[in-house]
Each structure stands twice: as structure tokens, then as C-alpha cells.
Number of protein chains: 2
Amino acid sequence: MATLGDLERAVMDLLWEHPEAITANSLRDLLSGRPSATDTRPLAVTTVLTVLSRLEKKALVERERSSRPHRYRAVTSRAEHTAELMLEVLGSAPDREAVLARFIGTVSEGEAATLRKLLGHD
Amino acid sequence: MATLGDLERAVMDLLWEHPEAITANSLRDLLSGRPSATDTRPLAVTTVLTVLSRLEKKALVERERSSRPHRYRAVTSRAEHTAELMLEVLGSAPDREAVLARFIGTVSEGEAATLRKLLGHD
DNA sequence: CAATATTTCTACACGTTGTAGAACTTCAAG
DNA sequence: CTTGAAGTTCTACAACGTGTAGAAATATTG
């Protein structure tokens with residue numbers, strides 16, 4: 001699972017916020033409105049299409065080829081994706097428990113409470 | 001915090017296994033012995049030095065410039081490093097708790113037990 | 001000092017990402 | 001059907017990171 005570039009990331013963020021599939025043109029408009037794009041020339045649609053293709057190849061995005069302006073949607077939710085990334089990072093460690101210990105030591109108290117709840121029963 | 005390439009990773013793995021600072025030449029030898037290097041020409045020591053410099057720039061490695069063949073050591077333990085990476089991934093999520101929920105749902109029962117212990121008191 | 005070991009510089013190939021024009025395809029209006 | 005607009009795919013290139021290492025500079029040691 002490769003890591004995302006800035007634009008790919010921005011596109012994914014938009015797709016994650018949009019439950020319904022969305023067109024490349026809409027995405028371009030949304031991208032133009034985002035903070036980091038102020039005072040920059042709006043992206044060409046082809047640019048957006050290129051990153052969408054790449055994201056599709058990475059299996060992060062799915063497209064409806066049926067509807068004419070193709071519509072794109074994220075394959076997984078951001079939470080799922082992020083959790084997968086975390087597991088991927090953790091997975092490569094031979095000392096998983098030590099990692100978890102460090103990790104736990106850093107989350108906020110509120111989150112620790114959430115974790116306790118999630119782990120609750122046993 | 002950038003992500004590591006294969007060789008950078010291999011070097012870090014060796015440094016993490018070696019508590020004492022170690023020279024580039026030793027590292028080259030160790031690298032030649034590792035599984036993925038069988039039937040490959042051994043790396044040039046300059047190659048190892050290059051990646052060590054890059055790792056130093058990334059603040060993952062520290063070198064003793066005092067001793068003549070410089071000696072290198074990892075700045076943090078692998079567990080620390082991995083935990084930091086996990087936090088970095090998690091940090092970029094606006095829905096941290098949802099991510100944690102997914103995450104918890106995937107760790108093994110043994111690890112869940114460890115987590116409970118770590119979160120133990122409340 | 002001269003030979004040798006070590007380190008730093010410089011270089012290049014290859015893959016990824018941002019970026020977009022050119023060329024091709026499809027669809028709707030006439 | 002034809003044609004033009006809208007949409008999609010191809011092709012390209014620059015910038016950057018990484019693997020790789022020779023050349024050049026520097027330090028050690030005999």
C-alpha cells in the first residue's frame with residue numbers, strides 16, 4: 001500500500017467527505033475552493049483525471065464507467081483506510097507489543113477511555 | 001517523517017538490532033549476509049555511507065564523528081519509531097476514535113489483552 | 001612522506017507524483 | 001447522420017526520493 005502525494009491526498013479527502021460518487025469536474029471545483037489552493041491557478045481537469053486513475057490503480061478509488069461523466073467514489077472509508085495503514089506499520093514490527101505499549105502511552109485520556117470501552121469485555 | 005526505502009530499511013533494522021554503534025564497513029558485511037542479498041554482489045561501502053548520511057539527515061541515525069571509522073547508531077528504538085509512525089498516521093485523521101475502533105477490531109486476542117493491561121487502571 | 005583507509009562529492013538510473021496538452025471517443029443537437 | 005462540445009485516455013515532462021557507486025578529498029599509519 002503506497003503512500004499518497006499531496007494532491008492524491010486532497011482528492012481522497014474530498015471523496016471521503018462525499019458519500020455519493022462524484023465527477024472529476026466537481027472534484028476540480030472542490031479542489032479549487034480548498035485552503036491550500038487559494039491564489040493558485042485551478043487545476044486542469046486532466047490533472048484530476050490522472051490522479052483519479054492512479055488512485056483507481058491503487059484500489060483506493062472506484063469509478064462508475066456507466067454514467068457518462070464517470071463518477072468516482074472512495075472504496076473504503078477514511079477510518080478504515082487509516083486503520084489499515086496503522087496495521088501495516090505495526091505489522092512490520094517484530095516487537096508488536098512494545099510498539100503498542102509506546103503507542104498507548106501517547107493517546108489522550110479520552111481516547112484511552114474509548115479504547116478501554118472497545119476492549120471492554122474479554 | 002518520510003518513509004524508508006528498502007535499503008534504508010535494511011540498514012535501520014540492523015542498527016536496531018545492534019545496541020552499540022557500528023561502522024559502515026560492518027554494516028556492509030551484515031547486509032551481505034542477510035537473506036535478500038544472497039546471490040547479489042555485495043554493496044559498495046560508499047553506498048552504505050550514502051544511505052547512512054540520508055538517514056542521519058532524517059534524524060533516524062546518529063554518528064560518532066570522533067572515532068575514526070565513524071560509528072553509527074539508531075537514534076530511537078524500533079518500537080519507538082514504529083509507534084511514532086502509527087501516531088503520525090492516526091494524527092492526520094479527523095475521526096481518530098473511529099480509526100481506533102477499526103484498529104482495535106483487528107489486533108489479536110493476545111494483543112488485546114496486553115492493551116487492556118496497559119490501559120488497566122482508569 | 002607515501003600508501004592505505006575513510007569520508008564526502010558528484011552522478012545517474014529508475015520509480016512516483018504533480019501537472020497538463022494532444023489525441024481520441026462519445027453524445028446530444030441540428 | 002454530421003458535427004461540435006464534453007469527456008476520456010495517451011503521452012510527456014519536471015521534480016523528488018532512493019539505490020547505487022566512482023572520483024575526489026581527507027585522514028591514518030607505517
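The basis for the numbers below is simple: all heavy atoms, side chains too, and nothing from hydrogens, waters or symmetry mates. Letters A, B, ... mirror the listed sequences (proteins, then strands); counts begin at 1.
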Looking only at side-chain atoms of R54(A), point me to the closest of dA20(C), dG7(D), dT17(C).
dT17(C)

Look at R96(B) together with E111(A) and state whether they make a salt bridge at an N to O cut-off of under 4.0 Å.
yes

Options dG7(D), dT7(C), dT9(D), nucleotide nearest the side-chain atoms of R63(A)
dT9(D)

Look at all strands and tell whether T3(B) reaches a base, only sugar-phosphate, or nothing, counting heavy atoms closer than 4.0 Å.
sugar-phosphate

Name the residue closer to the 5' end of DNA chain C, choosing between R68(A) and L43(A) according to the nucleotide with the nearest heavy atom.
L43(A)

When rounded to whole Å, the CG to P distance for the pair L52(B) and dT8(C) reads 11 Å

Rounded to the Å, how far apart are K57(A) NZ and dG15(C) P?
13 Å

Quick one: is dT7(C) close enough that its OP1 or OP2 comes under 4.0 Å of any side-chain N or O from H70(B)?
yes

Do L14(A) and Y72(A) pass the side chain to side chain contact (heavy atoms under 4.5 Å, CB included) test, and can you show the C-alpha distance, the side-chain angles, and the key distance before you say yes or no?
CA-CA 11 Å; L14(A) 288 171; Y72(A) 301 80; over 6 Å; no

If you compare every side-chain N and O of T47(A) against the phosphate oxygens of dG18(C) (OP1, OP2), does one of them come in below 4.0 Å?
no

Checking dC10(D), dA22(C), dA21(D) against the side chain of T46(A) (C-beta onward), the nearest is dA22(C)

Atom CG of L27(B) and atom C1' of dT6(C) are separated, to the nearest Å, by 15 Å

Atom CG of L4(A) and atom C1' of dG18(C): how far apart are they, to the nearest Å?
13 Å

Pick the nucleotide of DNA chain C nearest each of E8(A) and S66(A); which residue has the one closer to the 5' end?
E8(A)

With distance as the sole criterion, is a donor-acceptor pair present between the side chains of H70(A) and R65(A) under 3.5 Å?
no

Using a cut-off of 4.0 Å on non-hydrogen atoms, how would the nucleic acid contact of T50(A) be classed: base, sugar-phosphate, or nothing?
base

Determine whether a donor-acceptor pair (N or O, by modelled atom type, separation under 3.5 Å) exists between the side chain of S32(A) and the backbone of R28(A).
yes

Quick test of your reading of the model: are R102(B) and E84(A) salt-bridged, counting only N-O distances below 4.0 Å?
no

Of the candidates dG18(C), dG22(D), dG19(D), the side chain of V51(A) sits closest to dG18(C)

Closest nucleotide among dG7(D), dT17(C), dG18(C) to the K58(A) side chain
dT17(C)

Nearest to the L7(B) side chain among dT19(C), dT20(D), dT7(C), which nucleotide is it?
dT20(D)

Side chain of R41(A) (C-beta onward), nearest among dT20(D), dA20(C), dT8(D):
dA20(C)

In whole angstrom, give the distance that lies between atom CZ of R9(A) and atom C1' of dG18(C).
17 Å

For dA6(D) and N25(A) - does any side-chain N or O of the residue sit under 4.0 Å from the phosphate oxygens OP1/OP2?
no

Separation of dT18(D) atom P from L55(B) atom CG, nearest Å, is 9 Å

Can you tell me how far C1' of dG7(D) sits from CZ of R65(A), to the nearest Å?
13 Å

Apply the side-chain contact (heavy atoms from CB on, under 4.5 Å) test between E62(A) and each candidate in R73(A), R71(A), E56(A); give the one that qualifies.
R73(A)

When rounded to whole Å, the CG to P distance for the pair L49(A) and dA23(C) reads 18 Å

